[in-house]
Number of protein chains: 2
Amino acid sequence: MSPGHTEVTVEAVGAAELEPCGQPEHPDCGIRDVLDRVGDKWSVLVIVELSNGPRRFRQLQRAVDGISQRMLTLTVRRLERDGLVLRTVYPTVPAQVDYRLTETGAGLTHLVKALAEWSLEHRDTIARARQSYDQEHPGSGIR
Amino acid sequence: MSPGHTEVTVEAVGAAELEPCGQPEHPDCGIRDVLDRVGDKWSVLVIVELSNGPRRFRQLQRAVDGISQRMLTLTVRRLERDGLVLRTVYPTVPAQVDYRLTETGAGLTHLVKALAEWSLEHRDTIARARQSYDQEHPGSGIR
DNA sequence: CAGCATCCTCCATGATACTG
DNA sequence: CAGTATCATGGAGGATGCTG
């Protein structure tokens, strides 16, 4: 997975076969587009929950503990806009809406789950690293 | 919240084999700890750059286009604190410092690269999805 | 139930200046 | 070179109230 590339910059992330794209304006090659989504506070948790099957709005809100109505709306709208989530409205009374992953979204799920598993596997290691860092650097103010 | 919930919640992320951990206080099981790092604006780009080998401070700053001195400092410090990056100071004049991934950090790199590759593979699909969403939902205000 | 509209707060990030 | 210190700010996110 690591071919013999010489000076590689951060944008040539995938390895040799990936387009370096090398535009100063887009140093991240659109990776940020996805990362901004994966990175925000709620998207991943919503995606993971949806990976267990379709969910309705309130159901999602209850599952993703702590999310506000507003943020759930925003999150799920953005995911829909990106084509990762499909939103279906049933014209019942009261209204009923469900959300499910699209195929694209499901593909991302695997990566997200891998990340989640990695997190769980290394949380202790990281926690210990932090403790020892904080001991050796008292009052560093880093969080 | 329901103490003995049988409902599958977002924390049962990996699937059946992952610890549900089920603490209302830590619904994310520490996934957030890692996600917060992966999610912030610069960590991933720094990690990816470091995956190409050790880098010095200025070198990193030049590679990660657009990062400010302050944010680079904060980012590498946090990565160091988490045990993902090793910081080595050489007592030369002027000072010389290099950063390299720890083994833990290198492990995360693989996932991050997978994410980056996925991003590149799907950026067009996502871009098209956004376009069509924006057409069908004019003035929705979603970004 | 599934939202939208407002208001408000705080923090991540940026800009700038200075230092060993 | 490799930072630290300080100030400013935009926007993410929370709280609340209302609606079809």
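The structure presented is a predicted model; accordingly, all values stated were derived computationally and were not measured.
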Q) Do B:R143 and B:D134 meet the salt-bridge criterion of a basic N to acidic O distance under 4.0 Å? A) yes
Q: Grab the CZ-P distance between B:F57 and D:dT4 for me, whole Å please.
A: 8 Å
Q. C:dC11 P sits how many Å from B:R78 CZ, rounded?
A. 13 Å
Q: Specify the separation, in whole Å, of atom CD1 of B:I142 and atom C1' of C:dA5.
A: 13 Å
Q: Mind checking the CZ-CZ spacing from A:R130 to A:R123? Nearest 0.5 Å is all I need.
A: 10.5 Å
Q) C:dC4 phosphate, OP1 or OP2: any side-chain N/O from A:R77 under 4.0 angstrom? A) yes
Q: Look at all strands and tell whether B:Y99 reaches a base, only sugar-phosphate, or nothing, counting heavy atoms closer than 4.0 Å.
A: sugar-phosphate
Q: Determine the contact category for B:R143: base if any of its heavy atoms lies under 4.0 Å from a base atom, sugar-phosphate if only primed atoms, P, OP1 or OP2 are that close, otherwise nothing.
A: nothing
Q) Does a side-chain N or O from A:R58 land closer than 4.0 Å to OP1 or OP2 of C:dC1, or not? A) yes
**Q.** Derivation of the side-chain contact (heavy atoms from CB on, under 4.5 Å) call for A:S43 and A:R78
**A.** CA-CA 9 Å; A:S43 295; A:R78 288 196 275 243; 5.8 Å; no
Q. Taking A:Y99 as the fixed residue, which of A:R87, A:E49, A:E80 is the one that meets the side-chain hydrogen bond (donor to acceptor under 3.5 Å, both in side chains) rule?
A. A:R87
Q: Grab the CD-P distance between A:Q69 and D:dT19 for me, whole Å please.
A: 15 Å
(Q) Please report the distance, rounded to the nearest Å, between CE in B:M71 and C1' in C:dA12. (A) 6 Å
Q: Can you figure out which of C:dA2, D:dA2, C:dT13 approaches the side chain of A:V97 most closely?
A: C:dA2
Q. Considering heavy-atom distances to DNA chain D, does A:P94 or A:S68 have its closest nucleotide positioned more toward the 5' end?
A. A:S68
Q: Have a look at A:R56 and say if it touches a base, only the backbone sugar-phosphate, or nothing, with a 4.0 Å heavy-atom cut-off.
A: sugar-phosphate
Q) For D:dG3, does either OP1 or OP2 sit under 4.0 Å from a side-chain N or O belonging to B:R87? A) yes
Q. Starting at the 5' end of DNA chain C, which residue's closest nucleotide do you reach first, B:L74 or A:D98?
A. A:D98
(Q) As a test of understanding, state which of A:T104, A:L101, A:T75 forms a side chain to side chain contact (heavy atoms under 4.5 Å, CB included) with A:V85. (A) A:L101
**Q.** Atom-to-atom span, CG of B:D65 to P of C:dG14 - whole angstrom
**A.** 12 Å
Q | Separation of atom CZ in A:R62 from atom C1' in C:dA2, rounded to whole Å | A | 12 Å
Q: Send over the distance from B:L72 CG to D:dG3 C1', rounded to a whole Å.
A: 10 Å
Q: Just compare D:dT4, C:dT13, D:dC1 and give me whichever is closest to any side-chain atom of B:T73.
A: D:dT4
